[in-house]
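Following: one structure in structure tokens, then a few remarks.
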Amino acid sequence: MELHQLLQEAKEKIALVSTQAELGDVRAFYLGKKSPLQKYMKKMSSLTPEERKTLGAEINAIKGELEDLVNQKRQALLDMEIEARLQKETVDVTLPGHVFPVGTMHPLKQMIRKVEDIFIGMGYSIKEGPEIETDRFNFEMLNVPKGHPARDMQDTFYISENLLLRTQTSPVQVRTLLEAKGKPVKILCPGKVYRRDDDDATHSHQFMQFEGLVVGPDITMSDLKGTLSLFIKKLFGSAREIRFKPSYFPFTEPSVEVDVSCFKCGGKGCPMCKHTGWIEILGAGMVHPNVLKSANYDPEKMQGFAFGIGIERVTMLAQQIDDIRHFYLNDKRFLQQFERGNK
Ligand code: PHE
């Protein structure tokens, strides 16, 4: 085969390859140790020096040209591979994105936020405390000594003889009074509480409360009534009225149950208010002198009021939820009914 034919053939082969591997084979064939060009090299010895020179130059030129062509082809194949990858990996920005499910704030949390806002607006601070309490803070300092019959109503889970799961958030009030060392306090204590109770549509062994406490000089029952009246109007609407009924709590004297005029029928009577026009909503009273004394306050100089609200209960009333257990089951069908944010 003539040299120029060989060059032509090699050029065509290089032009036809479509992968780096094929290109490697073609290169090895024409430029490797067993290349047809080698045959010409072998012929050299039988040539005159003049002919040798021309042939050598020609072979070198062909080798150089083929080497260049192989390099160009290698680059061209690389460019094609990159182009193909770019084509394959393009992102279609017009495709719909992933929708991340957004949760809703738990209805109890929404209620807590709302009630906290109302009381912060009246100058209260929010106080929290431990759920595992001492018998002393949960009962004794609240005028409920050991053996007091009121303990029956608030039996609880005992960790040891003197350590228990708190039955009310009142121990936070005791702690705050001890810290305040005789100074006035105005606090709202939200939190979980525990009682030995049957679990049914309206009872749970674990639930939540807000308790409020205001202690200062000249605090009277009319302050309590004004505060609760404002709170109820903000929570259930400005047309709501409240009424006090006598009651008993060991830590308050006098003690009252507070009813709110039915927000469904406006007081005319309906199934929601059991046709009485009133819905019982919370317990309250004037802080018992013994409670003040045990926290080193002089009841002659400082008085106070306290109130306790069941968070589940007001949420059930406000949102017309018929079973307390809905709050704890984490059923999305229930939770998604409550939009995000405050309601
Ligand atoms: N701690 C009481 C309860 O859980 C509620 C309450 C608080 C009543 C403050 C009166 C005053 O039942």
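Note: hydrogens, waters and symmetry copies are ignored here, and every other heavy atom, side chains too, is used. Whatever order the structure lists ligands and atoms in, that order sets their numbers, starting from 1.
Remark: ligand 1 atoms within the under-4.0 Å shell around heavy atoms of Gly308 are 5 (C), 6 (C), 7 (C), 9 (C). For ligand 1, the atoms lying closer than 4.0 Å to a non-hydrogen atom of Gly283 are 8 (C), 10 (C). Ligand 1 places these atoms under 4.0 Å from at least one heavy atom of Ala284: 10 (C), 11 (C). For ligand 1, the atoms sitting less than 4.0 Å from at least one non-hydrogen atom of Phe249 are 8 (C), 10 (C), numbered in the order shown with element in parentheses. Close approach to Ala306 involves these atoms of ligand 1, each under 4.0 Å from a residue heavy atom: 9 (C), 11 (C).
Note on ligand 1: Phe305 sits outside its first shell, no heavy atom being nearer than 4.0 Å.
The option with the heavy atom closest to atom 7 (C) of ligand 1, from among Glu211, Arg166, Arg195, is Glu211.
Glu133 and Arg175 are joined by a salt bridge, as a carboxylate oxygen and a charged side-chain nitrogen come within less than 4.0 angstrom of each other. With respect to Arg325 and Asp199, no salt bridge is recorded, no charged nitrogen being found less than 4.0 Å from a carboxylate O. Here Asp135 pairs with Lys146 in a salt bridge; the nearest charged N to carboxylate O distance falls below 4.0 Å. Salt-bridge formation is not detected for the pair Glu140/Arg136: no Lys NZ or Arg NE/NH1/NH2 atom is positioned less than 4.0 Å from an Asp or Glu carboxylate oxygen.
For the atom pair CE (Met153) and CD (Gln168), the distance works out to 11.0 Å, reported to the nearest 0.5 Å. Going from atom CZ of Phe251 over to atom CG of Asn143 covers 9.5 Å, rounded to the nearest 0.5 Å.
Checked by atom type, the side-chain pair Thr104/Gln336 shows no donor-acceptor distance below 3.5 Å. Defined by atom type and a distance below 3.5 Å, a donor-acceptor pair is missing between the side-chain atoms of Glu9 and Gln5.
Within the 4.0 Å heavy-atom criterion, the part of Ser170 lying near ligand 1 is the side chain and not the backbone. No part of Ser255 comes within 4.0 Å of ligand 1, judged by heavy-atom distances. Of all the heavy atoms of Phe307, the ones lying under 4.0 Å from any atom of ligand 1 belong exclusively to the backbone.
The N/O atoms of Thr167, backbone and side chain alike, include none that comes under 3.5 Å of an N/O atom in ligand 1.
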